[in-house]
Structures are given as C-alpha cells and as structure tokens.
K.L.:
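Below you'll find the structure I mean.
Counting starts at 1 for both ligands and their atoms, following the listed order.
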Amino acid sequence: MSADLLAHVPGDRGWPLVGHTLMFVRDARGLTERHRRRYGDVYRMRVLGREGVTFLTPQATREIYLDPGKVLSSEGGWSSSIGPLFRNGLMLRDFDDHHRHRRVMQQAFSRAALTGYVDAIHDVTDRHLRSLPAGDVDVYVLMKRLTLDIAAEVFVGVSLGEQSERVNQAFQAAVAASITPLRVALPGSTYRRGLQGRAELTRVFGELVAQRRREEPRGDLLSRLAHATTEDGELLPVDDVVDHMVFLMLAAHDTTTSTLAVMLWQLALHPAEQDRVAEEVRALDGAPVTPADHGRLEHTTRAMQEALRLSPPVPFSPRHALADVEITGVRVPAGHGVNVSSLALHRHPDWWTRPDAFDPDRFAPGREEHKQHSHLFVPFGGGAHLCIGNHVAEVMVKAIVARLLAGRRVTADPAAGVVIRAVPIPKPRGPMLLTVR
Ligand code: HEM
C-alpha cells in the first residue's frame with residue numbers, strides 16, 4: 001500500500017472506494033459542518049476520486065486564490081467533476097494559456113459590452129413578467145426559464161424558442177452528470193446522458209459560431225466572442241469559441257437562477273426587508289438597472305449579497321497541487337487536491353453574527369462583517385479565475401428583482417420547509433413556492 005502522504009492532516013478517508021463522495025453529493029453543507037466541528041478549519045476529504053485538503057479560513061482562501069507560486073491548477077481541480085462535460089472552458093485552463101484566453105474573452109465582458117446587454121436583459125424580463133399571473137409560483141422554475149431565455153437572447157443572440165427546451169435538457173443533463181459518482185458511460189446512465197447533452201450543445205453552438213463568423217459583428221456575447229481577437233490579431237479557432245460558450249452557459253445560468261430564487265424566497269419570508277427593496281426599486285420609475293446603479297440600490301445590493309452569502313452558487317473551488325506547496329503552514333504534497341469552500345466560510349461562526357440568519361444589514365456601513373478579511377466573502381472567487389461575469393450577474397439579478405418587486409409583492413409560507421441541495425449548484429429539493437400579488 002502506498003504511503004499516506006496526508007497523514008499529518010486531520011480527518012478521515014471516508015468509505016472504502018468512494019471516500020466522502022456520497023455524503024458530499026447528498027448533503028455537502030452538513031458534511032462540511034460536521035468535519036469543521038470534528039477536525040477544525042483544515043481537514044482532508046476524498047470526493048470523486050480526488051483526495052485533498054479543505055481549508056476554511058479566509059487567510060488560506062486568499063493564499064489559494066492568489067497562488068503566488070503558480071502551482072495550483074484549476075483545470076486539475078475541476079476536471080474530475082466537470083472536465084469531460086465542460087472541457088476547455090476558461091476555468092479548465094491554467095496559467096499562460098488561461099491568461100491568453102481570458103484576455104480574448106474579456107472583450108465580451110467590457111463595460112461597453114455590458115451596457116449593450118442591459119436593454120436586452122430588461123426586455124426579456126418584461127416579456128416574462130407580463131405573462132406572470134397572480135397566485136402561487138415555483139420561484140426556482142420561474143427564474144430558470146427567465147435566465148435561460150436571457151442567456152439565449154443576450155449571450156447567444158437568438159430566441160431559442162422551440163429549441164429552448166432541448167437545449168435546457170441537454171444542459172441540465174451535463175450539469176447532473178458532473179457530480180454523479182458513477183463516471184462510466186453505461187447505457188441509460190446519468191453520465192452517458194451528460195455526455196450526450198454535451199454533444200448536443202457542441203452541435204448547436206458549432207452552427208451558431210460559424211453563422212456569426214459569416215455575419216457583421218453584433219451586440220450579443222457570442223458574436224463578440226466569435227469576432228474577438230488575440231494580441232496577434234487572430235480569431236480563436238471555432239472549437240475554442242464553442243467550448244467557451246458551452247462553459248459560459250454553465251457558469252451563467254444556474255448560478256444566477258439560484259441567486260435569484262434564494263434572494264426572492266428570503267425577501268418573501270422577510271417582509272420588512274422586501275419593503276426596503278421595493279421602495280428603492282420603485283424610485284427607479286421604470287428606468288433600467290445599469291452597472292452604475294449599484295450604489296443607488298443599496299438595500300437590493302445587500303439583499304443580493306446576503307443571498308450569495310447564505311447560498312453561494314459555487315460552493316467549492318477545487319485546485320490540484322502540481323508541486324509540493326505550503327498553505328497557511330500546512331503542507332500539501334504534489335498530486336493532491338486543495339479546496340476552498342465559500343459554503344463553509346460564508347457561515348463560519350468565528351466571523352459572522354447569527355450566521356444562518358438572513359440579515360442584509362450585516363453588509364451595511366457600521367457593521368460590514370464581510371470586510372473583516374479580504375477573502376471572507378468570496379461568492380465570485382478571487383485571483384486569476386475571479387468570475388469574469390460578476391458584473392453581468394449583478395445587473396441581471398438586480399434588474400429582475402427590480403422589475404418583479406416594483407409592482408408586486410411576494411410572500412412565502414415559513415413552514416414550507418424548503419431544503420436546498422448545495423452542490424453542484426444550489427437547487428431546492430422540492431417546490432419553492434411563492435405567492436405573487
Ligand atoms: C451569481 C452568479 C455567479 C456566481 C456566484 C459566480 C461565481 C463564480 C466563481 C466562484 C468562479 C470561480 C471559480 C473558481 O475559482 O474555482 C466563477 C468563474 C467564472 N464565471 Fe462566474 N459566477 C456567476 C455568474 C456568472 C456569469 C453570469 C457568467 C458569464 C456570463 C460567469 C462566467 C464565469 C466564467 C467564464 C468563469 C471562469 C473564469 C476563469 O476561470 O477565469 N459567471 N464564477
């Protein structure tokens with residue numbers, strides 16, 4: 001038997017063969033909390049065949065995200081879960097190659113590009129909300145449809161229409177496959193359906209990229225990416241643009257859906273907080289939310305931050321040590337995993353007052369609990385892989401909440417017992433019902 005190179009790290013190896021995978025998939029929050037209580041802020045864990053060390057302090061989070069020695073691979077960290085399904089996406093690239101691609105992609109995320117997306121985001125939102133009847137609605141399902149249509153029109157520049165359901169299914173199959181413990185494409189298996197979903201997305205985006213290349217540049221994200229150039233003035237190969245687009249759907253869609261659902265659900269449960277947000281968004285008087293509005297929408301901003309704190313859409317950032325590395329004094333040998341967990345950090349009792357409570361004012365001047373450390377509140381990550389779409393996400397979430405709450409009120413039953421599964425991207429286990437008036 002090979003030597004246990006993590007013997008110096010507290011923790012256990014979980015079950016034979018699968019390690020902690022099943023517990024992680026079923027209840028990542030519970031598992032993380034149990035390990036924190038038993039072993040402290042640094043412990044070992046074995047998930048999806050990767051054995052590694054999880055760090056729950058902001059100091060370690062900073063060291064891992066900034067990775068001054070360039071020895072922590074994001075590709076190596078993410079490949080065991082999303083690798084084959086979302087291959088060559090930006091998060092699955094490292095160091096110089098990542099930097100080169102990120103610079104090209106940045107052209108689709110510039111301030112000018114974002115300004116161009118704002119109107120389309122509002123148009124799609126208004127269209128959806130016009131047909132929203134008063135009464136009960138599953139807020140997760142509603143937000144999912146809305147964000148998919150926004151992704152289609154704003155990012156891809158098409159109205160997916162009939163294709164929408166097929167694309168959504170292909171996409172969902174790929175996401176579900178990313179955490180299935182059985183990673184063999186047996187007939188009928190989740191993993192096989194995921195790979196088929198990936199193939200379908202590749203086909204759809206392949207046709208669209210080729211079409212955009214034949215046309216004059218337009219304002220949608222796909223067109224911007226299809227026409228973006230490297231420092232040498234060269235276009236990216238079509239396959240690279242396709243891979244980036246498939247990954248962008250993953251990065252943009254379920255993350256914003258989850259943020260919106262959790263935010264609206266919490267506002268429904270906390271009427272006084274909803275009143276503050278409603279008053280603020282009504283003052284916009286129908287004007288669109290722009291990137292410059294974030295200062296004006298201070299209650300909305302804090303409610304969004306609080307939703308991201310309680311239920312971070314990317315609950316873990318895994319990395320793979322390419323060489324021996326020391327993180328806050330703990331040695332991680334080459335070949336092992338290193339995990340950052342916003343899921344645990346955002347509710348760490350050493351840092352937050354009443355960590356499980358929805359309390360947007362913890363972000364307000366005078367309290368600013370998140371400012372105790374630069375890497376305590378990290379919903380969008382940090383360092384080289386910091387979310388490239390964070391401003392798009394902010395505008396999208398606030399625009400939808402603003403349009404919804406300017407003329408409506410939402411309530412929810414506090415006894416409904418909604419349980420949110422944290423990984424791969426937070427999702428309620430059952431219906432998340434809101435009553436809209
Ligand atoms: C509330 C919504 C969102 C949250 C919380 C979020 C969070 C994150 C986090 C934590 C990472 C880094 C993961 C890591 O370092 O391991 C990331 C990366 C990324 N996100 Fe987001 N994201 C959101 C929305 C979006 C949107 C709307 C887009 C695009 C339109 C997007 C595109 C990306 C991309 C391309 C990366 C990879 C960046 C890189 O590797 O350089 N995200 N996101």
K.L.:
Using a 4.0 Å heavy-atom cut-off, which part of A384 comes near ligand 1: side chain, backbone, both, or neither?
P.N.:
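Looking at A384 and ligand 1, just backbone atoms fall under 4.0 Å.
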K.L.:
Is there a donor-acceptor contact under 3.5 Å linking the side chains of T328 and Q59?
P.N.:
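No.
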K.L.:
Got the closest protein heavy atom to atom 12 (C) of ligand 1, with its distance?
P.N.:
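Checked against all protein heavy atoms, atom 12 (C) of ligand 1 sits closest to H385 O, 3.5 Å.
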K.L.:
Could you label the plane-to-plane angle of the H98 and H385 rings as parallel, tilted or perpendicular, counting under 30° as parallel and over 60° as perpendicular?
P.N.:
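Taking H385 first and then H98, their aromatic rings sit tilted (interplane angle of 30° to 60°).
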K.L.:
Nearest to atom 38 (C) of ligand 1 by heavy atom, R102, H253, M91: which?
P.N.:
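Answer by nearest heavy atom: R102.
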K.L.:
Below 30° counts as parallel, above 60° as perpendicular, anything between as tilted: where do the rings of H346 and W352 land?
P.N.:
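Correct class here is perpendicular.
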K.L.:
With a heavy-atom distance limit of 4.0 Å, tell me whether H98 approaches ligand 1 through its side chain, its backbone, both, or neither.
P.N.:
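Within the 4.0 Å criterion, H98 contacts ligand 1 through side-chain atoms alone.
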K.L.:
Kindly give the heavy-atom pair with the smallest separation between P84 and S79, and that separation in Å.
P.N.:
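Closest pair (atom of P84, atom of S79, distance): CD-O, 3.6 Å.
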K.L.:
Heavy atoms only, cut-off 4.0 Å: how does V397 contact ligand 1, side chain, backbone, both, or neither?
P.N.:
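Looking at V397 and ligand 1, no heavy atom falls under 4.0 Å.
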K.L.:
Nearest protein heavy-atom contact for atom 42 (N) of ligand 1: which residue, which atom, what distance?
P.N.:
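Its nearest protein heavy-atom neighbour is C387 SG, 3.0 Å.
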K.L.:
Would you say D149 and R145 make side-chain contact, with heavy atoms under 4.5 Å?
P.N.:
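No, their side chains stay 4.5 Å or more apart.
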K.L.:
If you take the nearest heavy atom of each of A151, G381, S317, which one is closest to atom 14 (C) of ligand 1?
P.N.:
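Looking at heavy atoms only, the winner is S317.
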K.L.:
Is it true that E279 and R282 make a salt bridge, defined as a side-chain N closer than 4.0 Å to a carboxylate O?
P.N.:
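Answer for the salt bridge query: no.
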